[in-house]
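Here is the structure we will look at.
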Amino acid sequence: MSTWEVRSECTPRCAAHAAPRVPFTETARRCAAFAHAAGRALRDGERMAEPARLRAHARAVLASVGVRLVVEAARDGVGLAVPYGAGSVVPHGADATPVTQTRPGTLVVANHISWLDIPALLAVEPVTLLAKREVGEWPLVGTLARRAGTRFIDRAGPRQLPRAVAGLADLLRSGRSVAAFPQATTWCSVAHGAFRRATFQAALDAGAPVRPVTIAYEQLGMPSTVAGFLGDEEFLSSVRRVVGARGLTVRVTVHPPLLPHPGAHDRRMLAALARAAVSRTVREPVRYAPGACRVGAAPAPDQALGTYL
C-alpha cells in the first residue's frame, strides 16, 4: 500500500439504513434484475461505450436495484459538459486572442460515496471516467469499466502524478469531458473529505471549464448513508445492502461551471471553490439502524473507484 494513497476515516459501520428494509421477495427480485442489467451491458461488448447505450445501461442499473435518479440541473443546460456559447472559457494565447483549435472538454468533479456514483453520473450524461488502475482488474466491475471507456490511473506513488495530470489535460484538450473524484476515496456523506488539487491543475493546463457536481443519497426523503461503499467492504456486501434499501434516491446536483483563467486562478483556489459548491446543499444523513459514523477514528483501507489526483 502506497503512503501516497488517501485513507478515508469512514468504515462499513457508517453505512446504515434510514428506513426499514424492503421485504425479502423484493430484495430477491432486485438481485435478479441487477444481474440481468449487468448481463445485458456485458453482452453489448465494445458498443457499450456508445453514449446512448452507456446512458441506457446506467439508468437500467439504477432502476434494477430500486434507485430513483433525481437531477437538479444548472441553468446553462441539463447535462454535465459545459455548452460553449454559454460563457464558457476557451484557451487564449499570450496576446489574448482566441486560438483556433478544438475546444476543451469539461472536467466534472464530484464527491465520492458509492459505486452507485458511477451509473448516476453516466445516467445524466456519458463522460469519460477516471478510476484507479486496480478497478480494471476487479471481476465484473472491471470489465464493465473497461467497456465503458474508463481511463485508468496508476496511483502507485507521487512519481506517477505528473504523468497522470498530463494525461488528463490531454484528454480535456481533445474535447472529451472527463469525470473525476478528487476526494480520491469514498466517504459516507457529502460533508466529509477534502478535494485534492492535482485534478484542477489539469483543467488549468487545458483551459477547461470545471463542473462541480454533488451526489447525495436519500431514503424516503431523508439523507442516508446506506449506499456507502466504504473502507474494506466487499462489493457484494454493498450490493446486498443497496438492494434491501427502501425508497433509495440518488440526487445529482449539477452546479454552475467554474471558468479557470491562468494567472487569475490556481489549483488550490479551484479545488476550494469546487468543494464549496459541492457542499452547498448538504444535509447530514439519518441512520435508522445503530452503528454511527466514526469519522475521527483511525483511517480504514480505501474503497475508492477514483484516483489520488
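This structure is a prediction, so every number in the text was calculated from the model and none was measured. Index from 1, following the sequence.
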Between His112 and Phe181, what is the ring plane arrangement, given parallel below 30°, perpendicular above 60°, and tilted in between?
-> parallel
Going by the angle between their ring planes, with limits at 30° and 60°, are Phe229 and Phe235 parallel, tilted or perpendicular?
-> perpendicular
Within a strict 4.5 Å, meaning less than it, do heavy atoms of the [X] and [Y] side chains meet?
| X | Y | answer |
| --- | --- | --- |
| Val226 | Leu248 | yes |
| Arg151 | Val178 | no |
| Leu230 | Thr11 | no |
| His57 | Val61 | no |

Nearest 0.5 Å please: distance from the [atom1] atom of [X] over to the [atom2] atom of [Y].
| X | Y | atom1 | atom2 | answer |
| --- | --- | --- | --- | --- |
| Thr185 | His192 | OG1 | NE2 | 13.0 Å |
| Leu220 | Arg246 | CG | CZ | 7.5 Å |
| Leu62 | Leu69 | CG | CG | 6.0 Å |
| Arg197 | Met269 | CZ | CE | 12.5 Å |
| Gln219 | His17 | CD | NE2 | 6.5 Å |
| Arg68 | Thr249 | CZ | OG1 | 4.0 Å |

Locate the shortest heavy-atom distance separating Cys188 from Cys14; write the atom from each residue and the value.
->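 Closest pair (atom of Cys188, atom of Cys14, distance): CB-CB, 3.6 Å.
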Work out which heavy atom in Ser238 is nearest to a heavy atom in Glu233; give both atom names and the distance.
-> N-OE2, 3.4 Å
Atom CZ of Arg55: over 12 foreign heavy atoms under 6.0 Å |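 Yes.
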With sequence neighbours excluded, what pairs up with Arg47 under the salt bridge (Lys or Arg N to Asp or Glu O under 4.0 Å) test?
-> Glu50
Exam field: side chain [X] to backbone [Y], donor-acceptor pair closer than 3.5 Å:
| X | Y | result |
| --- | --- | --- |
| Thr186 | Ser114 | no |
| Arg147 | Asp44 | no |
| Glu125 | Ala81 | yes |
| Arg267 | Ala203 | no |

When clusters are formed by joining ILVMFWY residues with side-chain heavy atoms under 4.5 Å apart, either directly or through shared neighbours, do Val22 and Val239 land in the same one?
-> no
By side-chain hydrogen bond (donor to acceptor under 3.5 Å, both in side chains) - contacts of Thr143 (at least two apart) = Arg146
Could you pull out all residues at least two apart from Ala145 that satisfy side chain to side chain contact (heavy atoms under 4.5 Å, CB included)?
-> Val135, Thr150, Phe152
Do Arg211 and Thr106 have side-chain atoms, one donor and one acceptor, less than 3.5 Å apart?
-> no
